[in-house]
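Each remark here refers to the structure printed beneath this line.
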Amino acid sequence: MHHNSKVITMRANWWKVLAVILLAYTIIAGLLFEAPRLPILNETIRALHFHVTMWFGMIIMLVVAVIYSVKYLRSGNLQDDDIAIEFTNAAILFGVLGIVTGMLWAKFTWGDYWSGDPKQNAAAIGLLIYFAYLILRNSLVDVHQRARIGAVYNIFAFAAFIPLIFVLPRLTDSLHPGNGGNPGFNAYDLDSNLRMVFYPAIIAWTLLGVWLASLRIRAKRLERILEDKLINQ
């Protein structure tokens, strides 16, 4: 019986093992594998596996958060709100890491950490929108009011975030690849060497975000159970 429970636990946690393997692979391969030698970028193209893939993971987590915000508005179930807020928290973490890695990359390719590039500014504004979401939630005491107002804000924040990040920078002059008339990495040379790390890295960061969110969701639900028990005593 004990052996069976171990097997079940291992089967349930397979994706965590995969996350660890892919993260290790991303870090080692991203830093050591062969990379194309491109003008200006040179070795800095390795930042692609961290900066860009973290933002991919962030977008995936924000999509999950919006889905569960909509679900909460339909169901009124606080467990849906737990998922929405914690996936947003994980997404914000990756957004911050994405901006930091982007700044490091910008320093070596554009000559400055922050050059006021439209893509950088849009990313900063997008994150500020989500910081405001956290502040708004924390200012509300009633859990259902917090969840309801938070869900509505989260939906509108996502609706503003996507055009801010993907549409507006394309309409202006930008140094960022894929924006302002500059070619994206596909046009440069996202060759097989880069793809071998790039796609696993997206999965790795996304799984790490899911892992972090699931831990916080579990902690939040245990906290709620303890609070209910104390109230009922």
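All values below come from the heavy atoms of this structure, side chains included, with hydrogens, waters and symmetry mates left out.
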How far does [atom1] of [X] sit from [atom2] of [Y], to the nearest 0.5 angstrom?
X	Y	atom1	atom2	answer
Ile129	Phe156	CD1	CZ	13.0 Å
Ile59	Thr206	CD1	OG1	10.5 Å
Leu22	Tyr25	CG	OH	9.0 Å
Trp55	Thr101	CH2	OG1	9.0 Å
Ile85	Ile217	CD1	CD1	10.5 Å
Leu97	Met58	CG	CE	11.0 Å

Look at the side-chain heavy atoms of Ile, Leu, Val, Met, Phe, Trp and Tyr, link any pair under 4.5 Å apart, and say whether [X] and [Y] land in one connected group.
X	Y	result
Met103	Leu128	yes
Leu222	Leu78	no
Val141	Leu136	no
Leu93	Ile135	no

> For Phe87, what residues pass the ring pair (Phe, Tyr, Trp, His ring centres under 6.0 Å) criterion, not counting sequence neighbours?
Replying inline: none

>> I'd like to know if the side chain of Gln120 reaches the main chain of Tyr113, judged simply by a donor and an acceptor atom lying under 3.5 Å from each other, with no hydrogens or angles considered.
In response: yes

> For the side chain of Asp142 and the backbone of Gln145, is there at least one donor-acceptor N/O pair under 3.5 Å apart?
Replying inline: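 Judged by distance alone, yes, a pair lies under 3.5 Å.
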
> Using 30° and 60° as the class limits, which term best fits the ring planes of Phe161 and Tyr130: parallel, tilted or perpendicular?
Replying inline: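 Correct class here is perpendicular.
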
> Parallel, tilted or perpendicular: which describes the rings of His144 and Tyr72, with under 30° parallel and over 60° perpendicular?
Replying inline: parallel

> Can Val52 and Ile202 be said to form a side-chain contact (heavy atoms from CB on, under 4.5 Å), step by step?
Replying inline: CA-CA 8 Å; Val52 180; Ile202 293 172; over 6 Å; no

>> Hydrogens and angles aside, do Asp82 and Gln79 bring a side-chain donor and acceptor to less than 3.5 Å of each other?
In response: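 Distance-only check fails for Asp82 and Gln79.
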
> Cut-off 3.5 Å, side chains only: do Trp114 and Asn121 have a donor facing an acceptor?
Replying inline: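 The criterion, which ignores hydrogens and geometry beyond distance, is satisfied for Asn121 and Trp114.
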
What closest approach, in Å, do [X] and [Y] show between heavy atoms, and which atom pair accounts for it?
X	Y	result
Ala201	Thr53	CB-CG2, 3.7 Å
Leu164	Gly126	CD2-N, 3.5 Å
Phe94	Met61	CD1-CE, 2.9 Å
Tyr153	Ala132	OH-CB, 3.3 Å
Asn154	Ala65	ND2-O, 3.5 Å
Ile165	Ala123	CD1-CA, 3.5 Å

> So which of Arg146, Lys220, Arg137 actually passes salt bridge (charged side-chain N to carboxylate O under 4.0 Å, His left out) with Asp81?
Replying inline: Arg137

> Would Ile162 and Val167 satisfy side-chain contact (heavy atoms from CB on, under 4.5 Å), going step by step from the backbone distance to the final call?
Replying inline: CA-CA 7 Å; Ile162 295 302; Val167 180; 5.8 Å; no

>> Evaluate Val96 against Phe131 for side-chain contact (heavy atoms from CB on, under 4.5 Å), listing each step before the verdict.
In response: CA-CA 11 Å; Val96 171; Phe131 285 144; 4.0 Å; yes

> Heavy atoms, side chains only, cut-off 4.5 Å: are Ile67 and Ile83 in contact?
Replying inline: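 No, too far: nothing below the 4.5 Å cut-off.
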
